[in-house]
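Read the numbers this way: they start at 1 and go in the same order the structure lists the ligands and their atoms. Values below: all heavy atoms of this structure, side chains included; hydrogens, waters and symmetry mates excluded.
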Amino acid sequence: MNEDTRRVIIDTDTAGDDTQALLLAATANDIEVEGVTICTGNVEFEYMVENAKYTLDMVGTAEDVTVYEGARTPLVKTHEYADYVHGEGGLGGNLFPDTGIPSGDRHGADYIVEMARKNPGEITLACIAPLTNVALALQKEPNLNELLDEVWVMGGNVNCLGNVTPAAEFNFWVDPDAAKRAIRELDIVLFDWGVTVRDTVFDAELLAEIDDGPDTELASFFTEITAPVREFNKESQGRDMTTQPDAGLMAALIEPDLIESAVTYHVDVDEREGLTRGYTLVDEDDITDGEARTTVIESFDTAAFHQMFKDMLFESSPTASL
Ligand code: RIB
Ligand code: CA
């Protein structure tokens, strides 16, 4: 570890592009993945635990990076999985890993709290799932914000349409009570659904370049796991494409130069059941009295991201060309 190394805990509902975010982090030079915590989200909990272990094992980090099982349900709401997007199991529908690798010996939220207390100011949380584990950690340690270095969150939809309902993005919609608490109590860097759609899309041409590129294990894995989501997007949007919300966040964390603009706003989340469940209120015009403490990434370098992603798939080194 050198002095630029960032020590990161990844909180994930491992399916689909969560796996790619794990791979980016695990293969990046200046990121030390301290541990992975699993949160309710994309698919059945046991699948996500195995998916995370399998993904880490692909790049030889499963022995060094322990997977901790966290919240199996949202704080309050009942939950529906998104296996209609990612395939049963979350890895394309035909891959159901059974690694035999043991999980950590405590709850994911306890692990986050313990690491933050033991290493004040050192740990960055990269949250690419609903925020249930984070809210539980805040319940146990109200000073979490001061104990952590940074908190990065993929979630919410900043004054744009959501992906689960017109009002809401998946991670905030699944557990809006947890998202509200996290947004209110932590200084968060937010990578939302809006920047995801604007700046992380892989179109048919790029997907073909990956399909036809060097035949590495990571590239084949990407092709396999994205098959159902490509079908879903063709049906729902009439376009062969994928979005990379979680990998986008991770790329920005690894290489902050990818962030072209970011602005700090007051943000809140609607936790009520109903039409606006999970809605992200972002006070862009500063017309409320709310405290501005959420830094929203508004623009992201798409070309550099594409290059990082291809370098990760083809060379196992996301910063090879930087
Ligand atoms: O809305 C995008 C988020 O939900 C990502 O974290 C992705 O994993 C999806 O399921
Ligand atoms: Ca996710």
Side-chain angles (χ1 to χ4, degrees), residues 8-25 36-45 47-49 51-52 55 67 70-71 74 77 79-93 108 125-134 151-158 160-176 178-179 182 188-202 222 225-226 228-230 232-233 236-237 241-253 269 277-280 296-297 300 309:
V8 177
I9 296 173
I10 305 174
D11 189 63
T12 161
D13 54 338
T14 314
D17 84 315
D18 289 73
T19 61
Q20 305 304 305
L22 287 178
L23 290 172
L24 280 171
V36 167
T37 54
I38 305 296
C39 186
T40 185
N42 280 320
V43 294
E44 260 180 56
F45 194 86
Y47 287 146
M48 299 190 295
V49 172
N51 293 346
T55 304
V67 172
K77 306 288 190 278
H79 182 44
E80 290 160 34
Y81 300 117
D83 44 12
Y84 56 92
V85 181
H86 304 291
E88 195 198 339
L91 298 183
L125 269 189
C127 308
I128 53 174
L131 289 161
T132 322
N133 283 338
V134 179
V151 183
W152 290 53
V153 169
M154 189 286 128
N157 45 314
V158 175
C160 66
L161 290 172
N163 56 356
V164 169
T165 74
E169 176 279 335
F170 181 79
N171 287 341
F172 280 19
W173 182 85
V174 167
D175 197 340
I188 284 173
V189 179
L190 193 68
F191 196 94
D192 84 308
W193 183 247
V195 76
T196 299
V197 171
R198 286 192 299 278
D199 294 339
T200 76
V201 167
F202 289 3
F222 175 81
I225 63 156
T226 47
V229 80
R230 286 172 71 172
F232 178 81
N233 287 336
S236 62
Q237 307 192 27
M241 51 88 91
T242 61
T243 51
Q244 278 61 229
D246 299 340
L249 172 139
M250 198 57 74
L253 181 56
V269 179
R277 165 177 163 175
Y279 168 73
T280 322
V296 177
I297 297 177
F300 178 68
F309 205 97

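- In this structure, Phe222 and Phe202 have tilted ring planes: the angle between them lies in the 30° to 60° band.
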Do any nitrogen or oxygen atoms of ligand 1 lie under 3.5 Å from a protein nitrogen or oxygen, and which ones?
unit_1: ligand 1; atom_1: 1 (O); unit_2: Asn163; atom_2: ND2; d: 2.8
unit_1: ligand 1; atom_1: 1 (O); unit_2: Glu169; atom_2: OE2; d: 2.4
unit_1: ligand 1; atom_1: 6 (O); unit_2: Ile128; atom_2: O; d: 3.2
unit_1: ligand 1; atom_1: 6 (O); unit_2: Asn171; atom_2: ND2; d: 3.0
unit_1: ligand 1; atom_1: 6 (O); unit_2: Asp246; atom_2: OD1; d: 2.6
unit_1: ligand 1; atom_1: 6 (O); unit_2: Asp246; atom_2: OD2; d: 3.1
unit_1: ligand 1; atom_1: 8 (O); unit_2: Asp17; atom_2: OD1; d: 3.4
unit_1: ligand 1; atom_1: 8 (O); unit_2: Asp18; atom_2: OD1; d: 2.8
unit_1: ligand 1; atom_1: 8 (O); unit_2: Asn42; atom_2: ND2; d: 3.2
unit_1: ligand 1; atom_1: 8 (O); unit_2: Asp246; atom_2: OD2; d: 2.9
unit_1: ligand 1; atom_1: 10 (O); unit_2: Asn42; atom_2: OD1; d: 2.3
unit_1: ligand 1; atom_1: 10 (O); unit_2: Asn42; atom_2: ND2; d: 3.4

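- With sequence neighbours excluded, no residue satisfies side chain to side chain donor-acceptor pair (under 3.5 Å) with Tyr279.
- To the nearest 0.5 angstrom, Leu190 atom CG is 7.0 Å from Thr280 atom OG1.
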**Message:** Please evaluate residues Asp18 and Asn42 with respect to the criterion side-chain hydrogen bond (donor to acceptor under 3.5 Å, both in side chains), reporting the C-alpha separation (whole Å), side-chain torsions for both, the decisive distance (0.1 Å), and the verdict.
**Reply:** CA-CA 10 Å; Asp18 289 73; Asn42 280 320; 3.2 Å; yes

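- In this structure, the salt bridge (Lys or Arg N to Asp or Glu O under 4.0 Å) partners of Arg277, at least two apart in sequence or on a different chain, are Glu273.
- From Leu22, atom CG reaches atom CD1 of Ile128 across 5.5 Å, with rounding to the nearest 0.5 Å.
- How far CZ of Phe172 is from CG of Asn163: 11.5 Å, rounded to the nearest 0.5 Å.
- Around the Ca ion (ligand 2), the protein atoms of type N, O or S that sit closer than 3.0 Å are Asp13 OD1, Asp18 OD1, Asp18 OD2, Ile128 O, Asp246 OD2.
- Atom CD of Gln237 is surrounded by more than 12 heavy atoms from other residues, nucleotides or ligands within 6.0 Å.
- Here the CD1 atom belonging to Ile10 is positioned 10.5 Å from the CG atom belonging to Leu125, to the nearest 0.5 angstrom.
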